[in-house]
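Atoms within each ligand, like the ligands themselves, are counted from 1 in listed order.
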Amino acid sequence: MPKVTRYIKIHPRNPQEKYIQWAVQVLLAGGTVAFPTETVYGLGANALDGAAVQKIFLAKGRPGDNPLIVHVARREEMDRLVTRVPARAERLISLFWPGPLTLILPRSRAVPDQVTAGLDTVAIRMPRQPVALALIRAAGIPVAAPSANLSGKPSPTSGIHVLRDLSGRVDVVLDGGRATVGLESTVLDLTGDCPLILRPGGVSREDLEQVLGQVALDPGLAGEESGLLQPRSPGLKYTHYSPAAKVFVLRAGLPERLPAALARLVGRARAGGKRVGLLITTETAGEYCRQKIQPDYLEVLGSRGNPRQIAACLFDALRNCDRHHLDLVYAESIPEKDIGLAVMNRLLKAAGYRVIRV
Ligand code: TXA
Ligand code: MG
């Protein structure tokens with residue numbers, strides 16, 4: 001593993017050419033470069049070089065059977081990575097690329113086994129963040145990149161998150177500011193009869209259905225809560241997004257019930273000597289103040305009516321919980337509409353599916 005990590009602040013929208021060239025040289029020499037995308041930061045290596053890709057697994061402590069997403073900067077670059085591009089993939093690409101949509105397609109032999117973990121499919125996406133696009137375009141190769149966190153931690157949405165997790169484990173960190181979407185891309189499997197969402201993310205199911213008609217959700221996603229089914233995307237059985245604290249999700253029939261329920265939970269936790277944090281929404285924030293609820297940490301994630309705002313700060317909030325050395329965290333649930341579906345998927349994982357109904 002590299003001992004020295006070069007940390008470079010790069011302009012998020014007009015990346016400096018010399019920094020891009022440094023990073024390109026590292027990629028072409030088989031090294032690892034963390035870079036911003038619009039979803040979360042990625043940890044990249046040359047996707048056509050199995051030994052380089054291996055370094056990603058080592059740096060993250062990632063299980064070898066969890067395949068990586070290959071990032072491209074031009075539509076034509078995907079032709080050598082897959083055996084064919086179906087018409088519905090072309091439609092999605094013209095509408096959602098560059099952007100937070102990953103497509104699963106049958107792989108070609110150009111893709112090393114290390115990337116796909118031996119599967120006969122490959123995951124491909126074109127990010128829209130200018131640094132990511134400039135880097136991949138200048139490198140002239142497809143770039144394999146999982147989220148740039150230590151395995152099991154929340155995905156990084158800032159360069160500092162990456163540095164805290166991977167300093168001394170990767171060659172370069174390009175810090176291009178905050179990731180605007182804040183959670184990962186939607187992973188859509190197009191190899192079956194019906195398009196199947198393996199991981200909800202930055203492009204909503206509603207958006208996809210507008211284009212494709214019916215889009216199914218991997219039944220494993222819903223089943224996870226009951227522990228009945230395994231998700232189809234190998235990564236989802238591993239990713240926990242977990243802070244050190246024990247997280248609980250509060251599901252309320254009526255959001256107005258939340259403050260009173262949380263007042264009791266916080267009171268009980270603090271009486272037991274526990275440090276407790278709350279992740280709440282703007283709609284209930286005033287009531288917490290009125291009821292004088294005093295957790296050790298409180299973060300207002302955003303409005304229930306604007307799940308994109310909540311998505312943008314969720315992972316930062318989960319990391320903040322660690323920095324405040326909390327024992328318990330209670331998080332409000334939000335409606336599973338639009339990107340709210342992805343927010344709840346990540347929150348429930350962070351909570352290990354511990355749900356309190358009020
Ligand atoms: O937004 C994102 O997707 C970010 C940025 C960096 O692009 N990347 C990301 O990568 O989240 P990662 O490795 O953390 O998550 C990739 C997910 C995993 O759940 C993995 O199992 C799944 O995609 N995946 C990759 N290849 C697959 C395949 N061939 N079949 C099914 N699932 C696959
Ligand atoms: Mg990840």
Side-chain angles (χ1 to χ4, degrees), residues 33-45 47 53 56-57 59-73 81-82 96-108 111-129 131-133 135-136 142-157 161-162 165-166 174 176 179-192 196-203 218 220-221 224 230-242 311 315 339 342 345-346 349-350:
V33 175
F35 59 94
T37 85
E38 72 280 16
T39 55
V40 300
Y41 274 70
L43 176 58
V53 168
I56 294 177
F57 286 87
K60 284 182 55 108
R62 182 179 176 106
D65 64 350
N66 190 3
L68 307 180
I69 297 173
V70 179
H71 296 67
V72 296
L81 305 173
V82 302
F96 297 109
W97 280 15
L101 178 65
T102 296
L103 302 177
I104 306 283
L105 293 166
R107 74 184 265 207
S108 77
V111 186
D113 278 340
Q114 286 92 337
V115 171
T116 65
L119 296 177
D120 51 14
T121 55
V122 60
I124 305 181
R125 107 169 172 96
M126 187 191 294
R128 69 165 175 246
Q129 208 287 347
V131 176
L133 280 175
L135 176 69
I136 302 163
V143 173
S147 49
N149 51 284
L150 281 174
S151 217
K153 292 256 199 157
S155 298
T157 52
H161 292 167
V162 178
D165 274 16
L166 298 180
L174 293 178
T180 51
V181 175
L183 46 72
E184 304 89 340
S185 62
T186 302
V187 178
L188 185 70
D189 186 346
L190 291 177
T191 60
L196 185 66
I197 294 176
L198 302 185
R199 177 178 73 182
V203 172
D218 175 6
L221 291 173
E224 277 181 304
Q230 276 287 338
R232 289 250 299 248
S233 188
L236 296 191
K237 69 176 189 270
Y238 290 115
T239 331
H240 298 299
Y241 304 98
S242 300
F315 287 159
I339 205 176
N345 169 267
R346 308 305 193 272
K349 285 186 161 300

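Looking at Thr102 next to ligand 1, no N or O pair under 3.5 Å apart turns up. On a distance-only criterion, Tyr41 and ligand 1 share no N/O pair closer than 3.5 Å. Below 3.5 Å of separation, one finds an N or O of Arg62 facing an N or O of ligand 1. For His71, a nitrogen or oxygen atom sits less than 3.5 Å from a nitrogen or oxygen atom of ligand 1, counting backbone and side chain alike. The shortest N/O to N/O separation between Thr39 and ligand 1 falls below 3.5 Å.
Using modelled atom types, one finds no donor on one side chain facing an acceptor on the other under 3.5 Å when comparing Arg107 with Thr121. Checked by atom type, the side-chain pair Thr102/Ser185 shows a donor-acceptor distance below 3.5 Å. Side chain to side chain, Ser155 and Arg346 fail the donor-acceptor criterion of an N or O pair below 3.5 Å.
The Mg ion (ligand 2) has Ser147 among its coordinating residues (N/O/S atom, backbone or side chain, under 2.8 Å).
With atom 3 (O) of ligand 1 as the reference point, the heavy atom nearest to it among Ser155, Ser185, Ala145 is part of Ser185. For atom 23 (O) of ligand 1, the nearest non-hydrogen atom from the set Leu188, Val187, Leu43, Thr191 comes from Val187. The nearest non-hydrogen atom to atom 15 (O) of ligand 1, considering only Arg125, Glu184, Arg199, comes from Arg199.
Close contacts between ligand 1 and Gly42 involve ligand atoms 6 (C) [criterion: under 4.0 Å to a heavy atom]. Here is the list of ligand 1 atoms found below 4.0 Å of a heavy atom in Ser147: 8 (N), 9 (C), 10 (O), 12 (P), 14 (O). Listed by atom number, the atoms of ligand 1 under 4.0 Å from Ile69 heavy atoms are 3 (O), 8 (N), 9 (C), 10 (O), 16 (C). The Asn66 neighbourhood of ligand 1 comprises atoms 18 (C), 20 (C), 21 (O), with distances under 4.0 Å to a heavy atom of that residue. Here is the list of ligand 1 atoms found below 4.0 Å of a heavy atom in Thr121: 28 (C), 29 (N), 30 (N). Those atoms of ligand 1 with a heavy atom of Leu119 less than 4.0 angstrom away are 28 (C), 29 (N), 30 (N).
Under 4.0 Å from ligand 1, not a single heavy atom of Arg107 appears. Under 4.0 angstrom from ligand 1, there are no non-hydrogen atoms of Asp189.
You'll find the side chain of Leu166 reaches within 4.5 Å of the side chain of Leu43, heavy atoms only. Looking only at side-chain heavy atoms (C-beta outward), Val53 and Leu68 come within less than 4.5 Å of each other.
Screening Leu119, Leu188, Val187, Leu190 against Ile104 for a side chain to side chain contact (heavy atoms under 4.5 Å, CB included) leaves a single residue, Val187.
By the salt bridge (charged side-chain N to carboxylate O under 4.0 Å, His left out) test, Arg128 is found to be paired with no residue, residues two or more places apart in sequence or in another chain being considered.
Within the 3.5 Å criterion, the main-chain N or O of Ser147 finds a donor-acceptor partner in the side chain of Lys60. Side-chain atoms of His71 do not come within 3.5 Å of backbone N or O of Met126 as any donor-acceptor pair.
Nearest heavy atoms, Gly42 versus Thr37: N-CG2, 4.4 Å.
Comment: Lys349 does not engage Glu184 in a salt bridge, judged by the lack of any side-chain N to carboxylate O separation of less than 4.0 angstrom.
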